[in-house]
**Student:** 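Provided herewith is a single structure, encoded as structure tokens, for subsequent inquiry.
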2 protein chains.
Amino acid sequence: MSLRNALLALLTARPLTAYDISKQFGASVGYVWFAPDSQIYPQLRRMEEEGLVEATELPSEGRRTKREYRITDEGVRAFREWINAPASHQRERSVHHLRAAYLEWAETDEARRNMERHIAFYREQLAQWEAQRAALLDRSSPTLAARLAGSPPEQHERIVAFKVFTYDGLIERARSEIAWAERGLELIEEMAAEPTPAPVHARA
Amino acid sequence: MSLRNALLALLTARPLTAYDISKQFGASVGYVWFAPDSQIYPQLRRMEEEGLVEATELPSEGRRTKREYRITDEGVRAFREWINAPASHQRERSVHHLRAAYLEWAETDEARRNMERHIAFYREQLAQWEAQRAALLDRSSPTLAARLAGSPPEQHERIVAFKVFTYDGLIERARSEIAWAERGLELIEEMAAEPTPAPVHARA
DNA sequence: CAAGTCATGTAACGCGTTACATGATTGG
DNA sequence: CCAATCATGTAACGCGTTACATGACTTG
């Protein structure tokens, strides 16, 4: 359900082709909600059938024709409905924490490598989120520019403020994941030993 | 793939029926990896076919027969393999951050209510994670007791340490979600205004 | 002339969610 | 006697992941 809203969100800024969108999912919005091509193309088709978006074929001789998607009034309505709907919270489901809880079963080397992977991943994310935040503040993001161009100037501050706030949250999350995994590395060293043996009750 | 490992993890402590497991998923492990009954029962059956677990029918006159699941050596192997395998990190996909990024589209009231929901949810999670952490430290968790009973005493410290570390991460996460949403509430008040109008490019 | 990027997908599969089904026993 | 708890599931549906397919044009 959220891919749909991520797509609508993007299209509220300006009309785009599925290809453009999929590039954006590889960057900007993709840093908040990622989706691969294989989800984007069919989802846009379905949204077209539902009347949330409209496509215009832009023929360009030789090349395959592009389809430019534009949000409809109904799409805007649906998007607004989603944003105002009560947010539902799912119960926790974190693979990394699950793994961490049973680290006594791991080889010290592999445990260390996995913590390092965790740190590397979030350092990467952190860099991108910080770059994105900076691009919002100095208005160098093209999506933001298009969005601001299509909305009244008295709204500009709010629009930017909420996006910066979003990235602030993600940046904080990245930092705390990094700090956590660094403590994890220390703990692994402290506890370095053979992994636990199989429990007595296991059966061959 | 992780439900399977969460189940194996639980069964390394002691044999359990699907019903017991599903209770645990509503509490202890469920605070790290949640799953409903409708996933647990069929998954255990599949794992039985794969030879990762073995079931013993415990007939009790009158009542429906319980099936007690016990991890097999192959199950232990599979679990160890998972814990040592390189952790794969998915790209970000956070509904709440997605929503936050487009809060200029929301009604102030609804935006506020959703932030309050976010805070309430994580306060609840925080309380449970803190309780869980305390239960580990004072050894009052029954699953932990069973696990420690089935493993050599020199391992006990490690076993507890990794679990405490896990909950520390979750507790930190909950705190930062709460702090973020509290800043969100302030921002919503500061920015209180009519939601943005529909963009000029939308089509009826 | 090869690699990359433009442009659009399909197909298969597993995971997760929600709702529903069934029936016995135990406790207030 | 009614609600909760014990005990086990099925069915339908949508979301997400991975891998693959196709073909033209552009840049080094």
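Below, read A as the first sequence line, B as the second, and so on, with proteins coming before strands; counting in each chain starts at 1.
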**Student:** Can a donor-acceptor pair be found, under 3.5 Å and without considering hydrogens, that links the side chain of B/Trp180 to the backbone of A/Asp168?
**Tutor:** no
**Student:** Could you state the atom-to-atom distance from NZ of A/Lys66 to C1' of D/dA24 in whole Å?
**Tutor:**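 Answer to the nearest Å: 14 Å.
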**Student:** Which residue pairs pass the side chain to side chain donor-acceptor pair (under 3.5 Å) test with at least one member in residues 10-20 of chain A, sequence neighbours excluded?
**Tutor:**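 Found A/Thr12-A/Arg147, A/Thr17-A/Asp20.
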**Student:** Drop me the distance from B/Arg67's CZ to B/Glu54's CD, to the nearest 0.5 angstrom.
**Tutor:** 11.0 Å
**Student:** Pull out every residue in residues 30-41 of chain A that has a heavy atom closer than 4.0 Å to any atom of DNA chain D, ordered by number, or say none.
**Tutor:** A/Trp33, A/Pro36, A/Ser38, A/Gln39
**Student:** Grab the two heavy atoms, one from B/His97 and one from A/Thr166, that are nearest each other, plus how far apart they are.
**Tutor:** O-CG2, 3.2 Å
**Student:** Tell me the interatomic distance from B/Glu49, atom CD, to C/dG14, atom P, rounded to whole angstroms.
**Tutor:** 13 Å
**Student:** Side-chain N or O of A/Arg45 less than 4.0 angstrom from OP1 or OP2 on C/dG9?
**Tutor:**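 True: A/Arg45 side-chain N/O within range (under 4.0 Å) of C/dG9 OP1/OP2.
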**Student:** Kindly determine whether A/Phe25 and A/Trp33 satisfy ring-ring contact (aromatic ring centres under 6.0 Å, His included), including the steps that lead there.
**Tutor:** CA-CA 7 Å; A/Phe25 271 81; A/Trp33 191 275; 8.7 Å; no
**Student:** Could you check whether B/Arg113 pairs with B/Glu107 (Lys NZ or Arg NE/NH1/NH2 to Asp/Glu carboxylate O, under 4.0 Å)?
**Tutor:**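 No, no charged N to carboxylate O under 4.0 Å.
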**Student:** Taking CZ from B/Phe25 and P from D/dC6, how many angstroms apart are they, rounded to a whole number?
**Tutor:**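 Interatomic distance, CZ of B/Phe25 to P of D/dC6: 17 Å.
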**Student:** Over 60° means perpendicular and under 30° means parallel, so classify the ring planes of B/Tyr122 and A/His89, tilted if in between.
**Tutor:**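 Answer is perpendicular, since the angle exceeds 60°.
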**Student:** What stems show up for DNA chain D when you take Watson-Crick pairs (N1-N3 plus N6-O4 or O6-N4) and G-U wobbles (N1-O2, O6-N3), both under 3.5 Å, and require three or more consecutive pairs?
**Tutor:** C:1-28 with D:1-28
**Student:** To the nearest 0.5 angstrom, please state how far the CZ atom of B/Arg158 sits from the NE2 atom of B/His156.
**Tutor:**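 Nearest 0.5 Å value for the CZ-NE2 distance: 12.0 Å.
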**Student:** Any residue in residues 82-103 of chain B with a heavy atom nearer than 4.0 angstrom to DNA chain D? Just list them by number, or reply none.
**Tutor:**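 Heavy-atom contacts with DNA chain D come from B/Gln90, B/Arg93.
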**Student:** Using modelled atom types and a 3.5 Å cut-off, is there a donor and acceptor pairing between side-chain atoms of B/Arg70 and backbone atoms of A/His201?
**Tutor:** yes
**Student:** For DNA chain D, what residues of residues 13-21 of chain A have any heavy atom nearer than 4.0 Å?
**Tutor:** none
**Student:** How close or far is atom C1' of C/dG14 from atom CZ of B/Arg4, stated in whole angstroms?
**Tutor:** 12 Å
**Student:** Between B/Leu187 and B/Met115, does the side chain to side chain contact (heavy atoms under 4.5 Å, CB included) criterion hold? Intermediate values first, please.
**Tutor:** CA-CA 11 Å; B/Leu187 189 62; B/Met115 283 295 162; over 6 Å; no
**Student:** Determine whether B/Asn114 and B/Leu103 satisfy the following criterion, side chain to side chain contact (heavy atoms under 4.5 Å, CB included), listing intermediate values before the conclusion.
**Tutor:** CA-CA 11 Å; B/Asn114 270 335; B/Leu103 232 33; over 6 Å; no
**Student:** With a 3.5 Å distance limit and no angle check, can you tell me whether A/Thr72 reaches the backbone of A/Gly51 through a side-chain donor-acceptor pair?
**Tutor:** yes
**Student:** Using whole Å, report how far CD of B/Gln43 lies from P of C/dC15.
**Tutor:**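 These atoms are roughly 6 Å apart.
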**Student:** How many Å lie between CD on A/Glu48 and C1' on C/dG9, as a whole number?
**Tutor:**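 Distance check: A/Glu48 CD to C/dG9 C1' gives 14 Å.
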**Student:** If I take atom CG in residue B/Leu44 and atom P in nucleotide D/dT10, what distance separates them, rounded to the nearest angstrom?
**Tutor:**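 Roughly 12 Å, once rounded to whole Å.
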**Student:** Which label fits B/Phe79 and A/Trp105: parallel for a plane angle under 30°, tilted from 30 to 60°, or perpendicular past 60°?
**Tutor:** perpendicular
**Student:** Sequence neighbours left out, what pairs pass salt bridge (charged side-chain N to carboxylate O under 4.0 Å, His left out) with at least one residue falling in residues 75-103 of chain B?
**Tutor:** A/Arg173-B/Glu92
**Student:** Nearest-Å distance, CG (B/Leu58) to C1' (D/dC6)?
**Tutor:**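 Rounded to whole Å, this separation is 14 Å.
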**Student:** 5'-most contact on DNA chain C: A/Tyr69 or B/Leu3, nearest heavy atom basis?
**Tutor:**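 The residue whose closest nucleotide sits nearer the 5' end is A/Tyr69.
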